[in-house]
Amino acid sequence: MAATFFGEVVWSRCRAGTEDDDDDDDDEGERDSPEDREVRRQLARRREVRLLRRQTKASLEAPLLEQHPCSAFIVAIGANAVAFASSFVMNSGVWEEVGRAGLWNEWCGAKAAADLAPAEASCIFYRLRSGPSVLLCQCSCYVAEDQQFPWLEKVFGSRPRRDVQVTVLTCRHVTDYKSPESPGSLPTPFLRALKTRAETEPPGCPPLEQPNIAHDLPAAVLSFCQVWKVPAVLYLCYTDVMKLDLLTAEAFRPALSSQSLRGLAQDVPQSRECLKRLAATDEVQSNIYT
Amino acid sequence: MASRYDRAITVFSPDGHLFQVEYAQEAVKKGSTAVGIRGTDIVVLGVEKKSVAKLQDERTVRKICVLDDHVCMAFAGLTADARVVINRARVECQSHKLTVEDPVTVEYITRFIATLKQKYTQSNGRRPFGIAALIVGFDDDGIPRLYQTDPSGTYHAWKANAIGRSAKTVREFLEKNYTEDAIANDSEAIKLAIRALLEVVQSGGKNIDLAIIRRNQPLKMFSAKEIELQVTEIEKEKEEAEKKKSKKSASS
């Protein structure tokens, strides 16, 4: 331990190593008990990403986009993006559920992936019945770093097709946005876009400025698409309200001008009403902030 | 860089930031929106009402509080911090009245609240208050006042302002629509406050609370019915304006 000038106590590594340290490193693997190994195996099994058939616990044999080839794949990640997709995209037409991703990590709580009841699964894939070449994913759970690549493989497959147009919608807190202005003076919420080289259509909003980057699953999807030369665009909404909020969800509207979403949103006033209903039901009563 | 200088309130970062104060301003944004308007003969405070749990007594969830007969305040941010600040301000109002036999001026009590907040940005072992406040009232000279304070302890006079979630959107609306005509009479000032809130409030008039102070009169809280009437009038005026616009464009 060490004390700083300001009276904080910080932990610092001891620079005077002892001989015992080397011996400890060599013996670490051997000191693992069978129980430790079993716990690690069980943990690895729990963290597996599985794609399940609709309303059952049976796994899909083939990657999703190989089972359901499509020309447009929309991925909505986070509460606001999911609400936007539900209200503006899924409000018109009839959508059927074609699968769900069962995954567990420390952010999901105590339930194992296999134990999730169908109604509680939070990464669900839909297909437009009237236009089966459109697939949509609503992902409101956190996909951990080690689970992102398995998720991508299970959805896209090991050799994804290049004729699918991928659109990703997600939110980020405005304090993560790096700019010369202070976060308080930025006109939140605002939309920025990042696209792969294969995507030639200009996005419906300004591009994401350097040095800002995408994070987590949206970044993984975009990187995967960039490597496999799949046209993809990420619409990133910076907001100061990460929970479901009307203004933030509506900030995604410029994305409706893109090729894959154009024509899907038919009735905008009805979509707004649908969004208001979603926001009202989602509101969690809390007394901490007024 | 922020992570090395944001744990202790009394530490500046090399580029001059007090991160705890800035983080406190983020806490303000978690509160629902409040708007204040200074009219010619009236001051108006409008707030977005939070949803109340079924079993909770609605009267105990208030964003607009009386500080004295002629001064009231709306806040956004941490509820418990607001309670402490309001109690201290109320005591100060009475103490001032007993000591100098005059009610506080709006500026005095605003300065008191701002000084209190500033002290908490400069003391070790404490954290800043996570609230911003809009303080309105009339002084003895009959002039309406509107002040805003924030967690850093600054305060400024405003003609109209908003705090809390989506405050920037509301402020932009006010900048476009706060004109001499808009505050020409009391009812126009009240409508301006409600219109500003309707830009961001998700479920319309039933989620709005409104309070006004007129010269030489105590605070008046609007009932849900009165607010609904105002909202209906605003919607009618909007429809008529749109009809006029479409007639004009059709004739041209």
When you look at [atom1] of [X], are more than 12 heavy atoms from neighbouring residues, nucleotides or ligands closer to it than 6.0 Å?
X       : atom1 : value
E209(A) : CD    : yes
K220(B) : NZ    : yes
R262(A) : CZ    : yes

- prompt: Is it the side chain or the backbone of A27(B) that comes within 4.5 Å of chain A heavy atoms, both, or neither?
  reply: both

- prompt: Where on K30(B) is there a heavy atom nearer than 4.5 Å to chain A: the side chain, the backbone, both, or neither?
  reply: both

query: So do T79(B) and I288(A) actually touch side chain to side chain, heavy atoms under 4.5 Å?
result: no

Residues from residues 246-260 of chain A approaching chain B under 4.5 Å (heavy atoms):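 The residues closer than 4.5 Å to chain B, in numerical order, are L246(A), L247(A).
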
message: Main chain of T290(A), side chain of K63(B): is a donor-acceptor contact present, judged purely on distance under 3.5 Å?
response: yes

field: Atom pair CG/CD of D240(A) and E26(B) - distance to nearest 0.5 Å
entry: 7.0 Å

task: With rounding to the nearest 0.5 Å, note down the distance linking OH in Y289(A) to CD1 in I131(B).
output: 13.0 Å

query: Between T239(A), T188(A), L186(A), which shows the greatest number of heavy-atom pairs under 4.5 Å with chain B?
result: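 The residue among T239(A), T188(A), L186(A) with the greatest pair count is L186(A).
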
- prompt: Taking only residues two or more places apart in sequence, or in another chain, which ones meet E237(B) in a salt bridge (Lys or Arg N to Asp or Glu O under 4.0 Å)?
  reply: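 Per chain and number, E237(B) pairs via salt bridge (Lys or Arg N to Asp or Glu O under 4.0 Å) with K191(B).
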
